[in-house]
Amino acid sequence: MSRIGLAVRALRLAATKAHADPTADYDAASGDYDTFFSPVMGGHSVAALDDVPISPGDTVVELACGTGHLTAEITRRLRGRGTVLAVDKSPGMLGVAKRKVLPLAEDAPDLRVELSEGDMDGFVRGIPSGRADVVVVGWAICYTKPPRLLAEINRILRPGGHVVVIETRADAHHALTGALERVFADDPSLLTGLIRVALPKDAATVARWFAKAGLTVRTQRDGAQTIPAHTPAAVMEWVQRSGAAAGFKTAVDSDREQLVLSRIENGLAELLDRQGTLEIEHTFVVVTGAKPADVRTGHADRPDGVVPA
């Protein structure tokens with residue numbers, strides 16, 4: 001096993017900007033997401049939503065809405081009056097969200113629900129300043145440059161408006177990611193693209209992102225959830241069908257994808273033999289914040305929402 005060889009391979013891929021795109025994985029998982037991910041992690045998402053006030057008449061922006069698990073809950077909390085502006089990059093995930101959420105607004109003339117396909121950074125840049133009462137970012141801020149996105153969120157929030165972020169932690173699925181790293185270290189040529197995600201170490205890390213963007217941190221906490229899969233085959237099925245392996249499809253040699261999956265599963269089997277159990281934890285963070293009510297200080301009064309270097 002050559003970690004040096006893997007490091008060299010990663011540097012070469014970085015130099016050529018060969019970055020993996022998670023969209024294909026989310027498209028592939030879209031039909032199963034609400035069977036695998038939502039029942040396990042969805043309760044934590046809703047609990048995060050409980051940390052910010054959502055009232056009838058509010059304008060709520062949701063970035064990376066996925067299959068609409070939270071979008072539907074936001075829509076219900078508006079009780080027939082207000083605006084929901086949501087976006088997701090995956091056509092497959094967004095299609096599920098539209099079928100789930102749009103019927104909730106059909107008989108509510110005072111409720112506007114728009115679900116758009118696109119990149120969340122570009123989407124938020126297109127929203128006028130001071131428009132949103134609440135912004136929700138579920139399981140996706142890692143795909144951006146977080147302080148920069150949060151500065152844009154600061155810009156579109158009204159003074160006193162709220163933001164909530166729930167995100168996977170860097171140590172999530174440690175046994176699985178360790179097995180994947182060993183596979184690539186044994187044969188670096190299997191790696192054809194870099195999965196670039198800004199997963200936080202802990203909630204304090206996200207709180208620092210908030211502060212850099214000029215947002216006042218209100219709450220922060222770390223959490224963990226054991227996934228309901230305790231055999232190598234079940235773990236592999238869960239991570240692929242839940243979207244937890246987002247980026248994998250474009251990070252590996254497509255002709256040898258099944259070989260990589262087989263080797264990861266074998267690595268998990270060896271771990272199970274050594275430990276006697278196979279417990280995979282999905283660790284996560286939840287952080288909420290607000291735009292200062294006095295926008296004459298901090299970054300809140302910057303019209304472009306740019307964080308100074």
Side-chain angles (χ1 to χ4, degrees), residues 45-65 70-71 73-75 77-79 81-88 112-114 116 118-167 198 200 202-222 284-309:
S45 302
V46 173
L49 202 63
D50 291 340
D51 290 346
V52 292
I54 296 177
S55 303
D58 281 351
T59 293
V60 182
V61 174
E62 185 184 6
L63 305 179
C65 65
L70 276 182
T71 324
E73 182 62 25
I74 291 166
T75 301
R77 294 185 184 200
L78 290 176
R79 299 179 184 177
R81 185 164 58 89
T83 299
V84 179
L85 303 175
V87 67
D88 200 273
R112 173 190 171 202
V113 178
E114 293 185 5
S116 304
D119 172 78
M120 58 182 160
D121 289 281
F123 181 79
V124 76
R125 285 196 298 270
I127 298 176
S129 298
R131 180 63 58 88
D133 295 286
V134 178
V135 178
V136 178
V137 193
W139 313 107
I141 201 169
C142 64
Y143 297 119
T144 71
K145 293 184 177 179
R148 186 172 69 184
L149 179 65
L150 287 164
E152 278 295 307
I153 290 171
N154 190 347
R155 179 187 62 79
I156 69 170
L157 282 171
R158 63 167 177 77
H162 292 79
V163 56
V164 56
V165 170
I166 182 169
E167 184 55 274
D202 51 24
T205 301
V206 180
R208 288 192 291 271
W209 293 343
F210 273 51
K212 186 175 182 181
L215 293 160
T216 300
V217 176
R218 295 295 178 89
T219 65
Q220 62 184 79
R221 66 179 182 273
D222 294 270
F284 61 94
V285 302
V286 179
V287 180
T288 67
K291 181 172 185 171
D294 182 357
V295 299
R296 291 174 296 177
T297 61
H299 303 312
D301 61 344
R302 292 177 61 89
D304 57 2
V306 174
V307 178

Minimum heavy-atom separation for [X] to [Y], with atom names?
{"X": "C65", "Y": "T71", "answer": "CB-OG1, 3.4 Å"}
{"X": "P292", "Y": "T216", "answer": "CG-OG1, 3.9 Å"}
{"X": "A203", "Y": "V287", "answer": "O-CG2, 3.7 Å"}
{"X": "F210", "Y": "G289", "answer": "CE2-N, 3.4 Å"}
{"X": "R218", "Y": "A290", "answer": "NH2-CB, 3.6 Å"}

| task | Look at atom CZ of R79 and say whether more than 12 heavy atoms of other residues, nucleotides or ligands are closer to it than 6.0 Å. | result | no

Hey, does the side chain of [X] reach the backbone of [Y] with a donor-acceptor pair shorter than 3.5 angstrom?
{"X": "N154", "Y": "A213", "value": "yes"}
{"X": "T288", "Y": "T219", "value": "yes"}
{"X": "R155", "Y": "V124", "value": "yes"}
{"X": "K212", "Y": "P147", "value": "no"}
{"X": "E167", "Y": "I141", "value": "yes"}

Please report the interatomic distance [atom1]([X]) to [atom2]([Y]), rounded to the nearest 0.5 Å.
{"X": "F123", "Y": "D88", "atom1": "CZ", "atom2": "CG", "answer": "11.0 Å"}
{"X": "W209", "Y": "R148", "atom1": "CH2", "atom2": "CZ", "answer": "13.5 Å"}
{"X": "E73", "Y": "L78", "atom1": "CD", "atom2": "CG", "answer": "10.5 Å"}
{"X": "T59", "Y": "R158", "atom1": "OG1", "atom2": "CZ", "answer": "10.0 Å"}
{"X": "T83", "Y": "I74", "atom1": "OG1", "atom2": "CD1", "answer": "12.5 Å"}
{"X": "T144", "Y": "L63", "atom1": "OG1", "atom2": "CG", "answer": "9.0 Å"}

| said: Test side chain to side chain contact (heavy atoms under 4.5 Å, CB included) on V286 and V165; report intermediate values, then the result. | reply: CA-CA 6 Å; V286 179; V165 170; over 6 Å; no

| request: For the pair I127 and E152, evaluate side chain to side chain contact (heavy atoms under 4.5 Å, CB included) and give the outcome as yes or no after the intermediate values. | output: CA-CA 9 Å; I127 298 176; E152 278 295 307; over 6 Å; no

| message | By the definition side chain to side chain contact (heavy atoms under 4.5 Å, CB included), identify the one residue from L49, V60, D58 that meets it with R77. | response | L49

| message | Working note: V134 + V136, criterion side chain to side chain contact (heavy atoms under 4.5 Å, CB included); need CA distance, chi angles, decisive distance, verdict. | response | CA-CA 7 Å; V134 178; V136 178; 4.1 Å; yes

